[in-house]
Chemist: 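One structure is given below, represented as structure tokens, and several questions about it will come after.
Hydrogens, waters and symmetry mates are skipped; everything else that's a heavy atom, side chains included, is used.
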Amino acid sequence: MSEHRDRMISGQPYLASDPELVANYVRCQQLLERFNALSIVEREQRRALLKEMLAEVGEDTNVRAPLQIEYGDLLSIGARTFINNGFLVIDCAPVRIGSDVQIGPRVQLLTATHPLDPAVRRTEWEAAEPITVGDGVWLGGGVIVCPGVTIGDNTVVGAGSVVTRDLPPNVIAVGNPARVLRPVPTGGRTEGIPDPW
């Protein structure tokens with residue numbers, strides 16, 4: 001592992017132009033091209049490509065194309081998670097998505113950060129902070145999760161929200177920046193959904 005990859009994973013400043021990082025990026029993009037070109041009925045081939053590309057893919061996880069990822073090998077997805085189309089992950093730091101997660105269309109998980117000082121930014125140094133999405137989370141369409149954020153188990157984030165800080169488990173949060181509104185309903189209630197029986 002190169003010095004810059006070590007630095008990237010540990011949250012220290014690094015150069016993305018490092019040859020090993022460039023090679024990892026190219027590898028991921030080639031696998032993504034194949035994944036995004038497959039038919040939705042080619043389930044086994046899609047799953048095989050995900051397992052080759054990502055750090056971990058849980059059983060019965062469903063990821064729809066198109067998919068965009070930076071490196072792939074820093075992204076873990078738990079079991080029975082559903083990811084809708086247009087999912088974007090900038091995984092310059094580890095990204096962990098739990099089990100039984102629902103991710104709406106065009107959600108973005110962004111770990112990359114850049115220096116605020118423009119003179120330093122021109123030197124192309126950057127950094128990254130990990131993102132964790134707990135079990136049972138629902139991210140509505142267009143949600144953006146910023147670097148260093150952890151979203152607790154079972155939390156619901158409303159469509160179009162921008163999550164700039166950690167969210168506790170078992171809450172509903174919306175807005176820019178996302179703010180906690182109330183606890184999630186419990187006890188098997190199906191708000192707004194008619195009972196099937």
Side-chain angles (χ1 to χ4, degrees), residues 1 5-14 16 21 24-25 28 32 50-64 67-114 126-184 186:
M1 193 179 318
R5 182 169 164 78
D6 284 342
R7 294 175 66 89
M8 180 180 81
I9 293 170
S10 65
Q12 300 175 64
Y14 69 94
L21 292 178
N24 288 351
Y25 173 80
C28 183
L32 278 173
L50 284 175
K51 289 185 99 168
E52 186 177 351
M53 188 181 346
L54 306 183
E56 180 184 357
V57 182
E59 291 300 314
D60 298 321
T61 286
N62 182 357
V63 180
R64 291 191 173 172
L67 175 64
Q68 292 177 272
I69 305 170
E70 193 87 354
Y71 296 107
D73 60 346
L74 296 177
L75 173 58
S76 301
I77 304 173
R80 299 170 305 280
T81 287
F82 172 78
I83 297 175
N84 214 322
N85 53 38
F87 187 45
L88 169 65
V89 184
I90 305 298
D91 61 337
C92 305
V95 174
R96 293 179 181 87
I97 299 170
S99 297
D100 303 301
V101 173
Q102 299 285 314
I103 295 182
R106 303 196 189 287
V107 167
Q108 301 176 44
L109 306 184
L110 311 173
T111 66
T113 64
H114 300 275
E126 55 189 81
E129 299 176 35
I131 290 174
T132 301
V133 177
D135 294 340
V137 167
W138 174 18
L139 303 179
V143 165
I144 298 172
V145 180
C146 292
V149 165
T150 294
I151 299 175
D153 292 351
N154 305 314
T155 284
V156 175
V157 182
S161 297
V162 179
V163 186
T164 60
R165 296 182 183 162
D166 291 355
L167 293 175
N170 303 304
V171 298
I172 298 170
V174 299
N176 181 4
R179 289 183 171 81
V180 174
L181 287 184
R182 63 181 189 270
V184 295
T186 57

Chemist: How many angstroms lie between atom CG of D73 and atom CG of D91, to the nearest 0.5 angstrom?
Modeler: 7.0 Å

Chemist: Report the distance from atom CZ of R7 to atom OH of Y14, rounding to the nearest 0.5 Å.
Modeler: 11.5 Å

Chemist: Strictly distance-based, threshold 3.5 Å: is any side-chain N or O of T164 a donor or acceptor partner for the main-chain N or O of A178?
Modeler: no

Chemist: So do the side chains of I97 and I103 get within less than 4.5 Å of each other, counting heavy atoms only?
Modeler: yes

Chemist: Please check if the side chain of S161 supplies one atom and the backbone of V143 the other of a donor-acceptor pair under 3.5 Å.
Modeler: no

Chemist: Find the distance between CD (E56) and CD1 (I77) and round it off to the nearest 0.5 Å.
Modeler: 9.5 Å

Chemist: Looking at R80 and D100, is there a salt bridge between them, counting it only when a charged N and a carboxylate O are closer than 4.0 Å?
Modeler: yes

Chemist: For E129, enumerate each residue passing the side chain to side chain contact (heavy atoms under 4.5 Å, CB included) test, keeping only those at least two apart in sequence or located in another chain.
Modeler: T113, P147

Chemist: Side chain of S99, backbone of A79: donor and acceptor closer than 3.5 Å?
Modeler: yes

Chemist: Is any side-chain heavy atom of W138 closer than 4.5 Å to one of V184?
Modeler: no

Chemist: Which heavy atom in R96 sits nearest to a heavy atom in P94, and how many Å separate them?
Modeler: NH1-CB, 3.6 Å

Chemist: Please name the pair of heavy atoms, one in A112 and one in I90, separated by the smallest distance, quoted to 0.1 Å.
Modeler: CB-CG2, 3.9 Å

Chemist: Under the side chain to side chain contact (heavy atoms under 4.5 Å, CB included) test against C146, which residue among V162, T111, V163 passes?
Modeler: V162

Chemist: Closest heavy-atom contact between Y71 and A16?
Modeler: OH-CB, 4.4 Å

Chemist: Can you confirm whether L74 sits close enough to C92 that some side-chain heavy atom of one is under 4.5 Å from a side-chain heavy atom of the other?
Modeler: no

Chemist: Evaluate the side-chain proximity of V63 to T81: yes if any heavy-atom separation is below 4.5 Å, no if none is.
Modeler: no

Chemist: May I ask you to test the L54-I69 pair for a side-chain heavy-atom distance under 4.5 Å?
Modeler: yes

Chemist: Could you check whether any side-chain N or O of D153 sits under 3.5 Å from a backbone N or O of D135, counting only pairs where one atom can act as donor and the other as acceptor?
Modeler: yes

Chemist: So if I apply the side chain to side chain contact (heavy atoms under 4.5 Å, CB included) rule between L88 and each of L110, V107, L67, I144, which one comes out positive?
Modeler: L110

Chemist: Search all heavy atoms of D166 against all heavy atoms of G148 and return the closest pair with its distance.
Modeler: OD1-O, 3.5 Å

Chemist: Quick one, I151 with L139, criterion side chain to side chain contact (heavy atoms under 4.5 Å, CB included). Give me CA distance, side-chain angles, the key distance, then yes/no.
Modeler: CA-CA 10 Å; I151 299 175; L139 303 179; 3.8 Å; yes

Chemist: Looking at F82, is its backbone amide N or carbonyl O close enough to the side chain of N62 to form a donor-acceptor pair, meaning the two atoms are under 3.5 Å apart?
Modeler: no

Chemist: Would you call F87 and L109 a side-chain contact if the rule is heavy atoms closer than 4.5 Å?
Modeler: yes

